[in-house]
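Chain naming here is simple, since letters A, B, ... match the order of the sequence lines and numbering starts at 1 in each.
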Amino acid sequence: MEEKYFAEAIEEKWQKIWAEKGTFHAEINDSKPKFYALEMLPYPSGNLHMGHVRNYSIGDALAWYKRLKGFNVMHPIGWDSFGQPAEQAAIKRGVNPRDWTESNIAHMNGQLQRLGLSYDWRRQMFAHRPDYYKFDQWFFLKMYEMGLAYKKATQVNWCDTCQTTLSNEQASGGICWRCGNPTTKKEIEQWFLRITQYADQLLDDMAEIEAGWAEKVLKRQRDWIGRSTGAFVEFKVQHSDEKIRVFTTRIDTIYGANCIVVAAEHPFIEANSDKLSSEVLAKIAEIKAEKAKATDHEAEVEKDGIDTGFKAINPFSGEEIPIWVANYVLIEYGTGAVMSVPAHDERDFEFAKKYDLPIRQVISEPHMEHAHHTMQVLALEQAFSDYGVLVHSDYWNGKTSEVAKKEMTEWAEKHRFGEAATTYRLRDWGISRQRFWGAPIPIVYCEKCGTVPVKYENLPVELPQDMITEGTGTSPLDNDKDFVNTTCPNCGEPAKRETDTMDTFVDSCWYYFRYIDNQNSEMPFDPKIAEYWTPVDQYIGGDDHAVMHLIYTRFWSKVMRDIGLVKFNEPVKRLLTQGMVIGETFFDEIPNPDDADGKGKRVYFPPNQVSVKRDEKGRIISAENAEGKQLKSAIERMSKSKGNGVDPDEMVEIYGADAARMFVLFAAPAENELVWKEEGVEGTKRFLQRVWRFVWRWKSVISGQWSTSMVHEFSAEAKKLRRKTHQTIQRIQDNFESLQFNTPVAALMELSNAIHEFKVEPETANESDIYAIREAVESLVLMLAPFAPHTAEELYSQLVGNENGILANGGQFPEFSAELAKEDEIEIPVQINGKLRSKVLASPEADNKTLETLALADSKVKEYTDGKEIVKVIVVPKRLVNIVVKG
RNA sequence: GCCGACGUGGUCUAACGGGCAAAGCCACUGGUCUUAGAAACCAGUUAUUGCGAGUUCGAAUCUCGCCGUCGGUACCA
């Protein structure tokens, strides 16, 4: 140990020792409880960014804590290494995507190693390697057999920038998840996975994980799945055999229907286009054209429509109502047709107002007298969409919405024009991608036998070594005749391979099951091994994948359960969603005449080209660029274009991995945004140096073996230090259990401060002082390991006198003694009428009576109570006394 | 527009399911040391907990309204 703290030297040293000793290797061990700590795997873009550092620092802290708590910890990492950037790099720079990917992985692997993360590196998986994607294909074949994978031609989301199709999840809001450009629709044949078959399970099994998942993530999944229960009702078309089927959740409002509204793409329109007037046809064309346009998602689209001239019959009332076509009815949802009930639906209300259609109230607030109903209708200025009591509904009058819904649905069923129904917003998962860099879909097309799955023994269907052409909207693999031409697995005749590859979200569905058995060449993993290690105990990552990765992987697990690979419903018990890393940005705002709101276009300047003036409190008062132009500042997500990114390598070089990691954990709660502040890292580095110097100064006195039985008498100061030590242990343990990583760092700093305040010199310290110091320092060092493992290891080696490492030495998270943590005497605030007036000293065990007596006897209290009537005295044990007086 | 979360010193943040508002890092001020600076050490400044009301003996904490910030979402019948 050197007197000065050289981060780089000790970090290299311990990383070498860990690697040599296999310190973090995880093997099945039935004598210990297991803990599976998992972080979202990175895409090998070439460089680690601070978001990764944050994600992995959190996971590593937890993994260390659990190890110190006696758990057998699985903590792996791998690579989400299929995907578009590799392909784009290949096109742009003429490199092989495989080489590009492998070299990025090698580089990022080095960056991760340099951070000293406690992974079992042997367990890595690489999505782009055949030994992994073989099992993507294996799963595909299983799903094909189960009827969960099927092909159909349909309108799919298309991103013109990325030149590929996207799943609904990836094109949420009409925006490509990858490039942010608007998507269009394209008719294309593609493979789907029947995730909708699991829609109910995906919703209902949420009950199992509610306790461990952020509510906002579950809510987004719930909304995405969008289950709604109601009924289908058929409306006969007047003078025709045709029927229009609508979906409604409010069959109880059917007497208020003023028309049927269908989407422009509805089959009824297409079937009857010859009977429609040119005016109607023009309007339909207009609506379709509007829809095809890239929409501005801020703006609300005005309702637009036209009466088709057709009539429909309300099956309940027999009333004849017009059939309209309008832009606000979506062909994708329900049946593409609705019954319009303006009195009880906001959208229908708006539509009826615009076209002056009748608005008839059929639901009344429960407490309304019958006589008032008519008035209410006249006064209706907005839709009443709550449940209530039926009015103007013949036989059903007086029934509540709840009852009417049930009975009217039954009545419709009985008379064969309707039935109870549940619809979902969730669609099947389209997984075909017209890209090269993904897992080939293991299907062969034979002229004689049709669509034939590849045989299991012939997996993997390997990608060609070289990429043939760039993406042009068709699959690059089409151009590789050696790949395309094959023989039929069934009849042996010449046949052609499927040339689309799988969505890369398939890879990340099950990667964490591969870690536990990554050498298996027969199966994705051995179910017996999975039984020990899975489900995942704690998953950590960003919440941007809430409706993509996190919903797909839940679906995949349920399929794996149905195959018999696992026995549980939910693969992840607890999910922690960490916030973004953000930084200060400086920009000049150039007015944009096109924007009515006056929002200008921002031109960013990197912080190192900006001179900032701050006032004496540290607030920014001015910022100017090299030319002396005044700039505005903000705090925004780190990105290259904004110039506010921080290079992890640079941070590690300057401050060391320990200080950088510790700062990331300390600066904010894990779920919050984290503002990167260089000065903050210096602070954590200073803290580590303080601890280091202290151990250096004391090591000759406190190192080596020590016995707990020697000492009995402690000075008041030593007792105080011991109390702080044990209180800190308790606090940090509680913090870890509730996934707080910022507060334990503060607690460690407090303990360190307490050690410094213990004014004893090593040369003159007596046995009990040394004991108290040793206890405090050893606890501090052990609890430091999750945050600054290299520093903790080095300091620990000084305490125990060997370099085997904390875990090999049996180092454990210290146990606290409630007895020692307890205060001898506590200050009890005394309030008079709720205002703090005095404080009294009492033992923590003092009962209410004692506290009351002490408080009333206090001289300052007497000043306030003398001559006044004491109304009552409230005593909160260990907390306070409040005396209520009058007069 | 709708839904949700959050507003605590200059800043980031603590404070268990009402009970002394500040424990920690940073920033700032002064000092010791030093040729000077940095580092280190010591000492210190900084609040009507966004605003307004309610419940309560007592509210940062619970309830309601408003303001603001940030996310999510878009006619899902």
Side-chain angles (χ1 to χ4, degrees), chain A residues 4 172-174 214-217 219-220 223-224 226-228 230 246-250 253 261 295 297-303 326-330 332-341 344-348 350-351 385 423-426 543-544 546-547 579-580 614-620 662-663 666-669 671-675 677-684 686-687 689-690 693 731 734 738 740 742-750 752-753 756 826-839 871-885:
Chain A
K4 278 195 162 179
S172 176
E215 178 53 32
K216 61 177 174 177
V217 172
K219 188 191 180 298
R220 280 176 65 188
D223 289 350
W224 186 259
R227 177 164 67 188
S228 77
V246 305
F247 175 71
T248 178
T249 56
R250 293 299 301 274
T253 64
V261 187
T295 46
H297 286 268
E298 299 297 304
E300 198 169 325
V301 184
E302 201 193 331
K303 293 192 173 38
N327 64 345
Y328 77 97
V329 176
L330 308 173
E332 310 86 65
Y333 186 77
T335 60
V338 301
M339 61 178 204
S340 168
V341 185
H344 305 293
D345 182 284
E346 269 177 53
R347 295 151 301 180
D348 296 337
E350 197 187 321
F351 192 65
S385 53
T423 60
Y424 300 87
R425 182 186 136 110
L426 182 73
D543 68 357
D544 37 346
V547 294
M580 287 187 300
R614 291 172 197 266
D615 66 10
E616 76 275 7
K617 300 273 192 183
R619 284 174 297 205
I620 294 177
M662 195 162 185
F663 170 69
F666 175 54
E671 297 87 349
N672 285 19
E673 285 181 335
L674 183 150
V675 183
K677 285 248 170 83
E678 201 108 349
E679 315 86 59
V681 199
E682 285 170 29
T684 51
R686 274 202 285 271
F687 164 70
Q689 285 170 330
R690 261 159 76 90
R693 277 197 306 272
R731 263 176 74 184
D734 290 349
S738 56
Q740 288 173 282
N742 55 331
T743 47
V745 177
L748 286 174
M749 288 170 169
E750 275 185 57
S752 160
N753 291 346
H756 280 270
I826 49 178
E827 249 188 347
I828 304 282
V830 182
Q831 298 180 339
I832 312 288
N833 290 343
K835 287 202 180 74
L836 180 68
R837 295 302 185 193
S838 181
K839 286 174 183 180
V871 182
K872 69 171 160 179
V873 179
I874 295 129
V875 181
V876 184
K878 295 187 201 177
R879 292 279 189 190
L880 104 170
V881 178
N882 186 15
I883 300 160
V884 185
V885 297

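V329(A) comes within 4.0 angstrom of a nucleotide base, judged by non-hydrogen atoms across all strands. Counting non-hydrogen atoms under 4.0 angstrom, V876(A) reaches a base of the nucleic acid. Across all strands shown, S172(A) has heavy atoms under 4.0 Å from sugar-phosphate atoms exclusively, and none from any base.
A close approach under 4.0 Å does not occur between any side-chain nitrogen or oxygen of R227(A) and OP1 or OP2 of C76(B). Dashed line: the shortest gap from a side-chain N or O of T743(A) to OP1 or OP2 of A23(B) is not under 4.0 Å. One finds a side-chain N or O of R686(A) lying less than 4.0 angstrom from the OP1 or OP2 phosphate oxygen of C26(B). Contact check, R425(A) against A74(B): a side-chain N or O comes under 4.0 Å of OP1 or OP2.
For C26(B), the paired base is G10(B) (Watson-Crick or G-U wobble, both distances below 3.5 Å). In a base pair of the Watson-Crick type (N1 to N3 plus N6-O4 or O6-N4) or a G-U wobble (N1-O2 and O6-N3), with each distance short of 3.5 Å, C70(B) is matched with G4(B).
In this structure, CD of Q740(A) is placed 18 Å from P of A23(B), rounded to the nearest angstrom. Straight-line distance from the CD atom of E346(A) to the P atom of G1(B): 13 Å, rounded to whole Å.
In E346(A), the CD atom is not crowded: 12 or fewer heavy atoms of neighbouring residues, nucleotides or ligands sit closer than 6.0 Å.
The cationic group of K303(A) lies under 6.0 Å from the six-membered ring centre of Y328(A) and within 45° of the ring axis, placing it in a cation-pi geometry.
Nearest-nucleotide positions on RNA chain B place N672(A) closer to the 5' end than the other of N672(A) and I874(A). Sequence order on RNA chain B of the closest nucleotides to R690(A) and T249(A) puts R690(A) first from the 5' end.
Comparing the P positions of C64(B) and G18(B) gives an interatomic distance of 16 Å, to the nearest angstrom.
Atom-to-atom distance recorded for F687(A):CZ and F666(A):CZ is 9.0 Å, nearest 0.5 angstrom.
In this structure a side-chain-to-backbone donor-acceptor pair under 3.5 Å is present from R250(A) to S385(A).
No donor-acceptor contact under 3.5 Å links the side chain of K219(A) to the base of C3(B).
Of all non-hydrogen atoms in T249(A) and S228(A), the two that sit nearest each other are CG2-OG, 4.0 Å.
Nearest to the side chain of K872(A), among C41(B), C57(B), A23(B), sits C57(B).
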